[in-house]
Protein chains: 2
Amino acid sequence: MKHTYEYPRAALTVDCVVFGFDAAELQVLLIERGISPFKGQWALPGGFVRVDETLDEAARRELLEETGLEKLFLEQLYTFSSVNRDPRERVISVAYYALTKPTYHRTQATTDAADAQWFSVRHIPALAFDHADILATALQRLRGKLRYEPIGFELLPPKFTLSHLQQLYEAVLGTELDKRNFRKKVLSYDLLLPLDETHREGAHRPAQLFRFDPVRYEKLKKKGFHFEL
Amino acid sequence: MKHTYEYPRAALTVDCVVFGFDAAELQVLLIERGISPFKGQWALPGGFVRVDETLDEAARRELLEETGLEKLFLEQLYTFSSVNRDPRERVISVAYYALTKPTYHRTQATTDAADAQWFSVRHIPALAFDHADILATALQRLRGKLRYEPIGFELLPPKFTLSHLQQLYEAVLGTELDKRNFRKKVLSYDLLLPLDETHREGAHRPAQLFRFDPVRYEKLKKKGFHFEL
DNA sequence: TCAAAAGTGTTTGCAGTACACCCATGT
DNA sequence: ACATGGGTGTACTGCAAACACTTTTGA
């Protein structure tokens with residue numbers, strides 16, 4: 001079926017910047033394009049928005065189709081609209097960014113799904129379209145959010161140690177943090193529940209495991225509290 | 001000329017939340033709809049995006065056409081995509097928010113332009129479409145931005161007193177601020193240049209006038225500084 | 001001379017920062 | 001026994017918060 005309109009309309013896509021955390025580095029999930037334009041180049045997962053779905057739905061659908069990921073933290077980032085960002089025709093793209101826990105991306109790495117691959121944000125290949133701009137914007141946003149909202153946990157497995165969390169902050173923000181001060185502050189918010197388990201690895205003392213307490217977080221949020229660092 | 005596509009496409013609009021500051025209150029500019037749907041109701045200024053313009057251009061064009069405003073602070077807010085937000089057909093709207101100085105909105109109030117009118121954010125009439133959601137989102141964003149970026153000046157005339165600025169912060173954030181602490185902090189950033197003029201009004205001591213120094217701001221920004229409150 | 005807003009410093013407490021050593025484990 | 005990261009407390013400093021009176025003007 002063909003569709004006819006009075007005035008020309010831009011096509012609408014969503015593109016997703018999926019962040020993960022592994023090997024003490026912030027990672028981004030890219031897919032290799034199988035078709036022209038930019039065939040063979042790396043790009044952000046994404047695709048056209050259907051006329052009967054919201055943008056959030058489109059983003060989740062595309063992620064599932066192209067990378068097998070689902071149920072992750074997802075938030076709208078910005079809408080990109082340079083007139084020539086797509087060489088074929090006018091395409092406006094609503095960008096999203098997503099955060100995944102390592103459990104999931106392990107699963108992902110072993111499945112197929114087009115040709116998805118994780119890249120450290122420190123070594124990103126040339127990207128199709130204006131995806132480098134989108135990625136830069138997403139990084140900026142992630143850094144901002146991490147400081148004043150407790151979303152770091154979305155990048156860690158459900159059980160994690162304070163050192164894991166600190167490494168994450170250091171990697172994303174690109175700073176070094178004092179161990180004692182970091183722990184003092186994080187624990188002061190009372191958002192982390194110590195578990196009865198420890199994490200053992202290597203020849204040293206085992207580390208206390210924690211999990212994030214989302215219920216407590218919602219309570220605090222309603223009282224208007226201010227998370228930082 | 002008709003335009004035909006393989007798949008149905010959503011229509012794309014921009015909607016603008018224009019903030020002003022007057023009578024010690026935060027104001028929003030609304031226009032009365034002259035056509036169905038929602039004929040006779042108040043709505044945010046906005047309209048369809050043309051296929052050869054960016055979203056920013058579309059937003060500025062619509063603002064000029066519908067309200068006569070130009071050269072104002074304008075920033076993309078969020079893209080709204082509920083499937084039924086427009087009863088006619090699928091319309092996705094990219095929302096912007098804008099800040100205007102009183103000099104301009106005085107001019108505006110006396111011109112015609114459809115039927116634009118300022119409303120205090122404390123007394124907003126029923127709005128067309130999902131514009132109430134958009135406005136709520138814009139307010140939230142404005143409150144957030146005001147705290148950690150020096151954009152308050154965009155809502156004041158080029159020359160203003162510290163009391164004006166304080167009133168603005170109090171109105172937007174909905175808090176009372178200590179006069180001495182406020183002045184101390186604002187001046188500490190060294191972003192305000194004292195002028196050789198004073199503002200006289202009423203039976204009391206005249207107030208020092210200041211202007212914002214954008215050059216200095218850019219310099220500080222590059223050095224990575226942190227504005228707050 | 002009165003009313004009304006402008007302008008100005010000091011004290012206090014808390015939160016951020018800096019900093020060094022012992023602990024538990026695997027090899 | 002040694003190497004490795006886990007875990008802990010204190011002193012200092014600087015910024016935020018609280019707070020009251022004098023100044024200048026117009027009526």
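Letters A, B, ... mirror the listed sequences (proteins, then strands); counts begin at 1. None of these values were measured; they are calculated from a predicted model.
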For A/Thr161, which contact category applies under a 4.0 Å heavy-atom criterion: base, sugar-phosphate, or nothing? nothing
ask   = Do B/Arg61 and B/Glu57 sit within salt-bridge range, that is, some charged N less than 4.0 Å from a carboxylate O?
value = no
Closest heavy-atom pair, A/Trp42 versus A/Gln117, reported as atoms and distance to 0.1 Å, is CH2-OE1, 3.6 Å
Separation of C/dA15 atom P from A/Glu228 atom CD, nearest Å, is 13 Å
Here the distance between atom C1' of C/dA6 and atom CZ of B/Phe210, to the nearest Å, is 11 Å
Looking only at D/dA16, C/dG26, C/dC23, the nucleotide nearest the A/Arg205 side chain is C/dC23
Is a donor-acceptor contact shorter than 3.5 angstrom present between the side chain of A/Lys185 and the base of C/dG16?
no
Between CZ of B/Phe182 and P of C/dT8 the distance, given in whole Å, is 15 Å
Nearest heavy-atom approach of A/Glu66 to A/Pro45 is OE1-CA, 3.2 Å
- Query: Within the pair B/Arg183 and C/dT8, is there a side-chain N or O less than 4.0 Å away from OP1 or OP2?
  - Reply: no
Comparing nearest nucleotides in DNA chain C, the 5'-proximal residue of the pair A/Asn181, A/Arg200 is A/Asn181
When rounded to whole Å, the NZ to P distance for the pair B/Lys179 and D/dA16 reads 20 Å
Between CG of B/Asp178 and C1' of C/dG7 the distance, given in whole Å, is 13 Å
With the side chain defined as heavy atoms from C-beta on, A/Gln208 is closest, among C/dG7, D/dA3, D/dG7, to D/dG7
Ranking C/dA4, D/dG5, C/dG26 by distance to the side chain of B/His204, first place goes to C/dA4
Residue pair A/Leu209/B/Pro206 against DNA chain D: nearer the 5' end by closest nucleotide is A/Leu209
Separation of C/dA4 atom C1' from B/His199 atom NE2, nearest Å, is 13 Å
The single option from B/Lys145, B/Gln76, B/Arg141, B/Glu75 that satisfies side-chain hydrogen bond (donor to acceptor under 3.5 Å, both in side chains) with B/Tyr97 is B/Glu75
Which of B/Asp130, B/Asp15, B/Thr79 passes side-chain hydrogen bond (donor to acceptor under 3.5 Å, both in side chains) with B/Ser93? It is B/Asp15
task: Taking only the side-chain nitrogens and oxygens of A/Ser163, find out if one of them lies under 4.0 Å from OP1 or OP2 of D/dG5.
output: no
Checklist entry - For the side chain of B/Arg180 and the base of D/dA20, is some donor closer than 3.5 Å to an acceptor across the two? => result yes
Sorted by position of nearest nucleotide on DNA chain D, 5' first, the leading residue of A/Ala203 and A/Leu162 is A/Ala203
Is there a donor N/O on one and an acceptor N/O on the other, under 3.5 Å, for the side chain of A/Lys184 and the base of D/dT10?
yes
Here the distance between atom P of C/dA5 and atom CD of B/Glu201, to the nearest Å, is 9 Å
